[in-house]
Asks: 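Could you have a look at this structure, given as structure tokens, before my questions?
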Amino acid sequence: MSKFLIRRIIFGILTLFLVSIVVFAATQALPGNAARAILGRSATPERVAALTAQLHLNQSVASQYGHWLGGVLSGNLGISAATQQSVAHLIAGRLANSAFLVLVAAIVALPLSIGLGVWMAVKRDRPADHVLSMTTLVLAALPEFVIGIVLVVLLATNVAHVFPAVSLVPPGEHAWDEPSVVVLPAATLVIAVTPYISRIMRASMVEVLESDYVTMARLKGLSNRVVIWRHAVPNAIVPAIQVSALQLAYMAGGVVVIEFVFSYPGMGAQLVDSVANRDVPVVQALTIIIAAVYVILNLLADLATILVTPRLRTAGR
Amino acid sequence: MTTSTEPGPPASTGAVQVRNLRIELVRDGTDVVDGIVIDVVAGEVLGLVGESGSGKTTVGMALMGYTRPGGHVVGGDVLIDGHDVRKMALGELRRLRGGTVAYIPQDPGTALNPALRIGRQLSEMLEAHMGSTGEQERDARVREALEEVALPATDDFLKRYSHQLSGGQQQRVAIAMAFACRPHVIVCDEPTTGLDVTTQARVLQTIRELCQDHQVAALYVSHDLAVVAELADKVAVMYAGRIVERGPREVMFSQPRHPYTRRLLRAVPDLEGKRPIEGIPGHAPLPGHRPQGCFFEPRCLHAVARCRETFPEAVQYEPGHWVCCYRADDTPKDGPVLASGRGEAPASSGEVVLSAEKLDARYLRRQTLFDINLAVARNECLALVGESGSGKTTLARCISGLHHTYTGTVKLGEAALAQRARQRSAEARQRIQYIFQNPYASLNPRRTIGQTIARQLALFDPGSGRDRGARVEQCLERVALSARAADRYPDQLSGGERQRVAIARALAAEPWVLVCDEITSALDVSVQAAIVELLAELRKQTGLSILFITHNLALIRTIADRVSVMTGGRIVETGRINEVFEAPKADYTRQLLANTPTIEAALGHNGHGA
């Protein structure tokens, strides 16, 4: 098992390395001179030359990449081209806000969708199952921004004015200082990811409920609760874990749209701004961070899968 | 003969009393089983015999107040210790299941939970039924239960998961679980299917001892008449959802009256080789497709007009011997069922068509075959017998070129063959044809039977293009399938029919040797007998040679000329079939023979001799 883990970690690092090359190449491929793009048309040639030197744009591509990678590895993400602040300083607060948002959403969404999936499977082919199946299908088909806007209409403006429609956080403060700003963006995320996870959970649970060992557990005279939660769920949860990891990783990246809808001060909003400003160092840093979240979450999902699957855990014994 | 009808409401205190049980499909009210009557007293074993789809598992589970999703009990009484299971509330049912009536599953590999440790699965049984006991007491009881089935009661063992156990150990765990709460009744659902004979013998011994020691009433559900003959005190035979005959073991085996029981007994292979085996043509009607009169009537040789009108009621002929048949008085006159003459196998010519010399095979880094030498003569049937893991399938795959990491020589006639099938000549591939164990997986589900066979014809006889339709028909005819089967897809055929198609496909290549790898082990005994009959007939007609691989010793006695016994990747004994069976030289062969249950031996010993 530890062998497997080490292999997965090495693969994860390799993946990140490849992502860094792709990200770097993509930003290189942007048309025009980055320095000119940043400074605008009216910039004097001297200023452009100075910025070009500052951004190492006059060096070879490989050397530029090496320079950048060296900085990333030593924790120096570079200097924002737009604000001249250090990138790390610029995005730290934003990252924390996004992480808080995703965490809140995950804490609600994961148990909710597992529970819903189990319940649908237990009530299979009864009205409750049909209604929930349809509802989750419709929700899965809606884009997040539509969900976000509907929530704003319902809970922040026209119908009931309970939560703020725009998640304003004063500079220097964090989202958790003003928890009400998180509610609507988090609810949107929850509604966006729950259908997928609960439908997968339902499907694998239906299969497991038909297995011999569940019949056996019933014939042992165990209570329904024990049969479902001890005998069925641990065997049905693996696909849900894998989908949850993908969905959480998707949240980390897909949070962009939702943050934009609510003007939530997270890394998604930052990414949108930076792309608009051609702030290449910030875009690179955020992209690498999002990629790292993907890799780490999938690694965690594999680890969790091994932990709940004795056959994998005891392999090689 | 007495012609009393069914007994009224039970008066005795039998552990299990079932009266006129009827279970229907919720969907459309089709009956799955009906008119089921069962009596078992403490310390007694009732063997419930039937082929797949006969409803025997449905009846077994009904004793625990359980019906599989889609079915429900609509009539009759199920009394356990005098209490009606049908009137129990959910809480009472829960105490009944596992507490009063315990279940031993068919396949412990899938019935044990893969995510829970063995110890947990045992102790939760006690938690559910002996709630007030302390943890230490429960732990002691778990270890005792394991010791009763001769498993190590160590911490290490309790911490294992089911995939870390062998098939035999898994079944012992399931048995320990069943007996853990000292139930009064045990339902055994084919608990030894899929186990090797050696393991099966030990498992049966364990069940027998536990039932006797604890005075448990057992319902032993099985398709294996030989096992039932060894274990049961009483036998009930099910056909298409009805018990057609039931009675004491000796009567059921020596004077069976129902034509189905009699045909079933004739389909069971005889280890002594005193009688040929006969299949039963046709197949059992499924729920919803059952005829108006006797369900066996379409396949019955004794049927009269009356049989087509109403299903016969059970009538008692000898004490405790009940039969549902209008002809039950006459059937015994068609001769004894068990001992009779043996069919002559065709003599082989002695010319060797297929041989293996000094064959060593490895799988990954492990050597799996050691110094194998064998030869199959023209028109000979050589049986290769061994338990699971003995290497018999690997050997068959080497011979066919499907497993290529071997050294040594495989020869077709005089010609040595390449290791890989694709490097062999077309002729070599044509002359050796392989038939797989599972006819459900070996036919392409997207091709009709006709297309499957036409493809084989096109491959080995490209000139046959124009009259291929007629050739396909001929091929089907040789395996006793109608020409209509050509337009069917595999899923529209029964298991036996599919295996016939697989044989027809092999024969279409006009092979010299058929390699048959456990080809009857997925089939019912009556269908198995029919397939074996077919192979014998084909051999007589075409001069075919057969390498017949099986774990079933009794089966080869009736069809093979010679036998090679394999264990641990080596052939330990080869000889003419009668010599090996009557005077086995290898210890392993002796052990296999001793552990193979047979009806004759069970009745001969007149009791529970093992």
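Protein chains get the first letters and strands the later ones, always in sequence-line order, with residue 1 at the start of each.
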Asks: Look at B:A178, B:P69, B:A111 and state which one has the largest set of heavy-atom pairs under 4.5 Å with chain A.
Replies: B:A111
Asks: Give the member of B:V101, B:N113, B:L112 that has the highest number of heavy-atom pairs under 4.5 Å with chain A.
Replies: B:N113
Asks: Picking from B:V187, B:D107, B:L116, which has the most non-hydrogen pairs under 4.5 angstrom with chain A?
Replies: B:L116
Asks: Is the number of heavy atoms from other residues, nucleotides or ligands within 6.0 Å of OH (A:Y196) greater than 12?
Replies: no
Asks: Could you tell me if the side chain of A:P310 sits less than 4.5 Å from the side chain of B:H163, heavy atoms only?
Replies: yes
Asks: Is a donor on one side and an acceptor on the other found under 3.5 Å between the side chain of A:H231 and the backbone of B:A115?
Replies: no
Asks: Please assess A:R230 against B:R120 for the test side chain to side chain contact (heavy atoms under 4.5 Å, CB included), listing each intermediate value before the final yes or no.
Replies: CA-CA 11 Å; A:R230 187 188 294 161; B:R120 187 86 193 87; 2.9 Å; yes
Asks: Taking C-beta and beyond as the side chain, do B:M61 and A:R218 meet within less than 4.5 Å on heavy atoms?
Replies: no
Asks: Just how far is it from atom CZ of A:R311 to atom OG of B:S162, taken to the nearest 0.5 Å?
Replies: 7.0 Å
Asks: To the nearest 0.5 Å, what is the distance between CG on A:L219 and CE on B:M177?
Replies: 11.5 Å
Asks: Can you see which heavy atom on B:H129 is nearest to which on A:K220, and at what distance?
Replies: NE2-O, 2.7 Å
Asks: Under 4.5 Å, heavy atom to heavy atom, which residues of residues 199-215 of chain A contact chain B?
Replies: A:D212, A:Y213, A:T215
Asks: Residues of residues 84-99 of chain B under 4.5 Å from chain A (heavy atom pairs)?
Replies: B:R94, B:R97, B:G98
Asks: Quick one: what part of B:Q106 sits under 4.5 Å from any heavy atom of chain A, side chain, backbone, both or neither?
Replies: neither
Asks: Counting heavy-atom pairs under 4.5 Å with chain A, which one of B:P114, B:A180, B:A128 comes out on top?
Replies: B:P114
Asks: A:M216 versus B:Y103: any side-chain heavy-atom pair under 4.5 Å?
Replies: yes
